[in-house]
Structure formats: structure tokens, C-alpha cells
Amino acid sequence: MKNVFQNFSGQDYIQGACLTLENAKKHIQASELLSKESNFGIAISHLILGVEEYIKAYILLCLNGDNNFINDEGKIELFKNHKFKHSHISLFLKAISNSEASKFEDLKTKFSTVS
């Protein structure tokens, strides 16, 4: 599988991200339906799977801009190992938090004023 990534184009990563986002949405929808039926354990499982898929999509989008965003071993783990994605949930949530967004805006402002 390692050699597969050497032939990936930016479009392959974007297409993979789009498919992964659709899968994430389906897991989240399943979670919502299951929670309405008071099947909370299974609902949480689908919620976790959905978040893992969002992480995979985010990484695929990052790979579109930088093929070395993660190494080839990490790319393989991204597709076959739940532990890899699960361990990145907290990093993902932190990255999309308001405080991290504020830090980004501060840096953007700082560097846009430097001429």
C-alpha cells in the first residue's frame, strides 16, 4: 500500500476527502437517529467513527497542499488503523477551537502588517 501514495495527485486527495466527508456525515446522521431511539452506546460509537472520518478528510485536504504533511507510514495508518485517528481526535478538536482560531487570526494579522 505504501507505493500507492507515491502516485497520488492533489485531485486524488481532494476526491478522497470528499468521499470521506460523506461517510462522516452518514455516521453522524446514524448517531442522531440512534440517540433518538435511546440507543446511546451505539450512537456514541457512530459519533466517534464520524469524527474519525472528519479527521481523515482534514488530513487528506492537508495532503493536497503538502504531500509530506504526514509520512507514508502515517498515510497507511490513516486508512487502516482506528487508533491513529482516535489519537488525533483531541488534536483535531483543538485545531478547530475558537482559541486556536484566534491565535491563527492574530498571526495572520501580525504577518499581514509586516512589509
Item checked: Qualifying residues under side chain to side chain contact (heavy atoms under 4.5 Å, CB included), relative to Cys18, sequence neighbours excluded -> Ile14
Kindly work out whether a path of hydrophobic side-chain contacts (I/L/V/M/F/W/Y, heavy atoms less than 4.5 Å apart) joins [X] to [Y].
{"X": "Leu61", "Y": "Tyr54", "value": "no"}
{"X": "Ile76", "Y": "Phe69", "value": "yes"}
{"X": "Leu63", "Y": "Phe8", "value": "yes"}
{"X": "Leu49", "Y": "Leu34", "value": "no"}

Partner residues of [X] under the side chain to side chain donor-acceptor pair (under 3.5 Å) criterion, sequence neighbours left out:
{"X": "Asn64", "value": "none"}
{"X": "Gln15", "value": "none"}
{"X": "Asp12", "value": "Ser9"}

Pairwise distance [atom1]([X]) to [atom2]([Y]) - rounded to 0.5 angstrom:
{"X": "Phe79", "Y": "Leu60", "atom1": "CZ", "atom2": "CG", "answer": "4.5 Å"}
{"X": "Glu77", "Y": "Lys83", "atom1": "CD", "atom2": "NZ", "answer": "9.5 Å"}
{"X": "Leu78", "Y": "Tyr58", "atom1": "CG", "atom2": "OH", "answer": "13.0 Å"}

Please set out all donor-acceptor pairs under 3.5 angstrom arising from side-chain atoms of residues 35-45, sequence neighbours excluded.
from  : atom 1 : to    : atom 2 : distance (Å)
Ser35 : OG     : Ser31 : O      : 3.4
Ser35 : OG     : Glu32 : O      : 2.9
Ser45 : OG     : Gly41 : O      : 3.1

Item checked: All pairs passing salt bridge (charged side-chain N to carboxylate O under 4.0 Å, His left out) where residues 16-27 contributes a residue, at least two apart ->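 Matches after skipping sequence neighbours: Glu22-Lys25.
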Notebook entry, point to check: Of all heavy-atom pairs between Glu53 and Asn23, which one has the smallest distance, and what is that distance?
Noted result: OE1-ND2, 2.9 Å
Next item on the list: Output yes when a side-chain donor or acceptor of Lys75 lies under 3.5 Å from a complementary backbone atom of Asn67, and no otherwise.
Entry: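 Yes; at least one donor-acceptor contact below 3.5 Å.
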